[in-house]
Amino acid sequence: MLTVKQGYLYEDGKPFFWLADTAWLIYENLEENEAEEYIKNRASLGFNVLQTVLFYSLPERKSIKDGMPVKGKNQFCEEHFAYVEKVFKIAKKYNMYIALVPCWGSYVKNKVLTLQDIPRFTDFLTERFAHNDNLIWILGGDVKGEENPELFNAFGNALKQKDGKHLITYHPFGRTFSARWFNEEKWLDFNMFQSGHRRYDQALLNEWDDYTQIYYGEDNWRYIQERKQYKTFKPCLDAEPSYEGIVQGLHDYDEPYWEACDVRRYAYWSLLEGACGFTYGNNAIIQFYTDELPYGAYGIRESWRAALHAEGAGQLQLIKKLFESVDFTSGEPRPDLLVTPQKERYHRISVFAGKGFLFAYTYTGDRFSLSLDYFNGGTVEGYWFNPASGAKSYISAFEGRGSVSFRPAKRRELSNDWLLILQSV
């Protein structure tokens, strides 16, 4: 079972590094044998959580009083629920958690799910699924908490009362943060933010998903910094960064795609700012697109089976292993150790240090200098870590005092990101 402690997640008392894949439509678009094929692949790549939605498509009827039939091959019926249970069992077989959104945010926005429905819906959900020990509840579903805070609070409180053993979080609208609405609510165990799919220059596109109140662009680390302004310190993570294989900005299919290097950047930027984990997404996999379908969303370019082997997904296991090799829960962002001036956007240098280690990430391969006083004069070994390949290359031994300048090699790739590792000897 998962618990929360001092800004991180724990499983049976040990630190739990959240590495999730986004599988929103697994219950609508996959058969049981396909679901096991997918889950086994994700487990082989180090993923330990799947973000899924029980009801995604809007029902034919605008009411749930007689149930919630959904479009697609799986209907609101015993067959659908039995299939969801099978997915829970498959996930448990591969030591994975199911993070379950009961219904997508459109149910609330379209008043299909109302405040009056919460007691009955909560009873159903907990009676049906709370026996699964690999369950995590996610409220929201790409929706702003301000759409109906009374409903979401009632939902969270009811779930916490009926099922006090499973963690509850909230998946918000693009470029928003659950902490802004619910951080002080007792039902919310940890926060999610959706840094989203837009570039720095795409703040306003005159599309349905514009959000003008706060815009950080691609600086997903700023959401974690924002956490400092709230009274209660809770774990948080980027639950929807730019998906690999999706067009930048979503709406114009002539725009370039987000690629593996962008996935890595979002992961390292957020984790080195203190996130408790990271969620990956791939455009083909979130919708489980196949070549037999007449169309796909957001500039789809491959089938979900081809996307299983996308670079970004495979590279995230490297950062998970890296963090699990140190006491990452002892770490904290340490920009004060950066001697050279901090730069902006892609040239930012992220610094994170804990017991006996220091990580520094550069997306562009810039030269930077660090103070080694953090190591109190002890001997320190330095390594360059290639986030794309996982190669760890020894630099030298250093005395843990004063400042040292570092500059990685130039790679002939789309990006030149590197992680500097300093470890006490």
Side-chain angles (χ1 to χ4, degrees), residues 1-4 9-12 16-57 67-70 72-104 107 121-141 155-156 158-160 162-171 187 189-190 192 237 239 277 279-281 285-288 304 308:
M1 299 295 291
L2 294 181
T3 56
V4 170
L9 303 179
Y10 287 78
E11 182 181 50
D12 301 326
F16 179 82
F17 185 96
W18 172 294
L19 183 59
D21 190 30
T22 307
W24 293 139
L25 298 185
I26 188 171
Y27 307 126
E28 288 197 25
N29 290 352
L30 291 191
E31 302 288 350
E32 183 180 346
N33 65 316
E34 295 173 319
E36 178 148 14
E37 175 187 344
Y38 160 72
I39 292 172
K40 184 174 183 177
N41 172 273
R42 276 9 215 168
S44 75
L45 294 177
F47 290 96
N48 51 21
V49 181
L50 301 177
Q51 293 181 189
T52 71
V53 186
L54 182 61
F55 300 116
Y56 178 80
S57 301
M68 287 182 288
V70 293
K73 64 186 179 185
N74 290 317
Q75 300 296 313
F76 185 89
C77 61
E78 177 56 31
E79 181 183 2
H80 178 58
F81 304 143
Y83 174 60
V84 175
E85 287 282 9
K86 289 178 181 178
V87 173
F88 266 100
K89 291 180 181 178
I90 295 170
K92 185 174 182 179
K93 174 181 175 181
Y94 294 99
N95 298 313
M96 300 183 75
Y97 285 86
I98 295 291
L100 185 68
V101 180
C103 59
W104 204 238
Y107 276 72
F121 193 32
T122 303
D123 285 346
F124 162 74
L125 291 169
T126 53
E127 290 169 7
R128 184 73 206 212
F129 301 112
H131 65 91
N132 293 289
D133 56 11
N134 60 332
L135 167 67
I136 302 163
W137 297 110
I138 305 182
L139 300 190
F155 203 172
L159 276 176
K160 185 64 71 175
K162 285 280 185 176
D163 174 22
K165 62 183 181 178
H166 294 112
L167 297 185
I168 307 175
T169 185
Y170 185 96
H171 177 274
W187 60 264
D189 294 302
F190 65 100
M192 287 180 162
L237 61 96
T279 294
Y280 169 82
I285 291 173
I286 63 161
Q287 51 192 303
F288 290 101
W304 70 267
L308 288 176

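Residue numbers count from 1 along this sequence.
- No donor-acceptor pair closer than 3.5 Å links the side chain of Arg42 to the backbone N or O of Val49.
- Under the salt bridge (charged side-chain N to carboxylate O under 4.0 Å, His left out) criterion, Glu127 pairs with no residue at all, not counting sequence neighbours.
- Looking at heavy atoms from C-beta onward, Leu125 lies in side-chain contact with Leu54 at the 4.5 angstrom threshold.
- Remark: Asn41 CG to Ile285 CD1 distance equals 7.0 Å, nearest 0.5 Å.
- Residues Lys162 and Asp123 share a closest heavy-atom pair of CE-OD1, 2.8 Å.
- Here the closest heavy-atom approach between residue Glu31 and residue Tyr83 is recorded as O-OH, 3.4 Å.
- Summarising the geometry, atom CG belonging to Leu159 is positioned 6.0 Å from atom CG belonging to Leu139; distances are rounded to the nearest 0.5 Å.
- Rounding to the nearest 0.5 angstrom, the gap separating the CZ atom in Phe155 from the OH atom in Tyr170 is 11.0 Å.
- Annotation: side-chain hydrogen bond (donor to acceptor under 3.5 Å, both in side chains) contacts of Lys40 (sequence neighbours excluded): none.
- A 4.5 Å side-chain heavy-atom check between His171 and Trp104 finds at least one atom pair inside the cut-off.
- You'll find the side chain of Thr52 stays beyond 4.5 Å of the side chain of Val87, heavy atoms only.
- The CG atom of Leu2 lies 8.5 Å from the CG atom of Asp12; values are rounded to the nearest 0.5 Å.
- Residue Leu45 comes nearest to Leu19 through the heavy atom pair O-CD2, 4.5 Å, listed as atom of the first residue, atom of the second, then distance.
- With sequence neighbours left out, Lys165 forms a side chain to side chain contact (heavy atoms under 4.5 Å, CB included) with Met1, Asp163.
- Counting all heavy atoms, side chain and backbone alike, Met192 lies closest to Ala239 at SD-CB, 3.5 Å.
- Below 30°, between 30° and 60°, or above 60°: for Phe55 and His80 the angle between ring planes is between 30° and 60°, a tilted geometry.
- Remark: Lys89 pairs with no residue by the salt bridge (charged side-chain N to carboxylate O under 4.0 Å, His left out) rule, at least two apart or across chains.
- If you take CG on Leu50 and CD1 on Ile39, they are separated by 5.5 Å, rounding to the nearest 0.5 Å.
- Put simply, the side chain of Trp18 reaches to within 4.5 Å of the side chain of Thr279, judged on heavy atoms.
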For residues 94-103, dump all side-chain donor-acceptor pairs below 3.5 Å to protein atoms at least two apart in sequence or in another chain.
from: Tyr94; atom 1: OH; to: Glu36; atom 2: OE2; distance (Å): 3.0
from: Tyr97; atom 1: OH; to: Glu11; atom 2: OE2; distance (Å): 2.7

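- Partners of Thr22 by side-chain hydrogen bond (donor to acceptor under 3.5 Å, both in side chains), not counting sequence neighbours: none found.
- You'll find the side chain of Trp24 reaches within 4.5 Å of the side chain of Gln51, heavy atoms only.
- Applying the ring-ring contact (aromatic ring centres under 6.0 Å, His included) rule to Trp137 yields no partners; only residues at least two apart in sequence or on another chain are considered.
- The ring of Phe121 has its center no closer than 6.0 angstrom to the ring center of Tyr107.
- Under the ring-ring contact (aromatic ring centres under 6.0 Å, His included) criterion, Trp304 pairs with Phe288, not counting sequence neighbours.
- Looking at every heavy atom in both residues, Lys92 comes nearest to Asn134 through N-ND2, 3.4 Å.
- Within the 4.5 Å cutoff, side-chain heavy atoms of Ile90 are placed close to those of Glu32.
- Not counting sequence neighbours, the partners of Asp189 by the side-chain hydrogen bond (donor to acceptor under 3.5 Å, both in side chains) test are Lys160.
- What you find for Tyr38 and Leu308 is that their closest heavy atoms are CD1-CD2, 3.7 Å.
- Glu85 pairs by the side-chain hydrogen bond (donor to acceptor under 3.5 Å, both in side chains) definition with His131, Asn132, not counting sequence neighbours.
- Atom-to-atom distance recorded for Tyr10:OH and Thr3:OG1 is 8.5 Å, nearest 0.5 angstrom.
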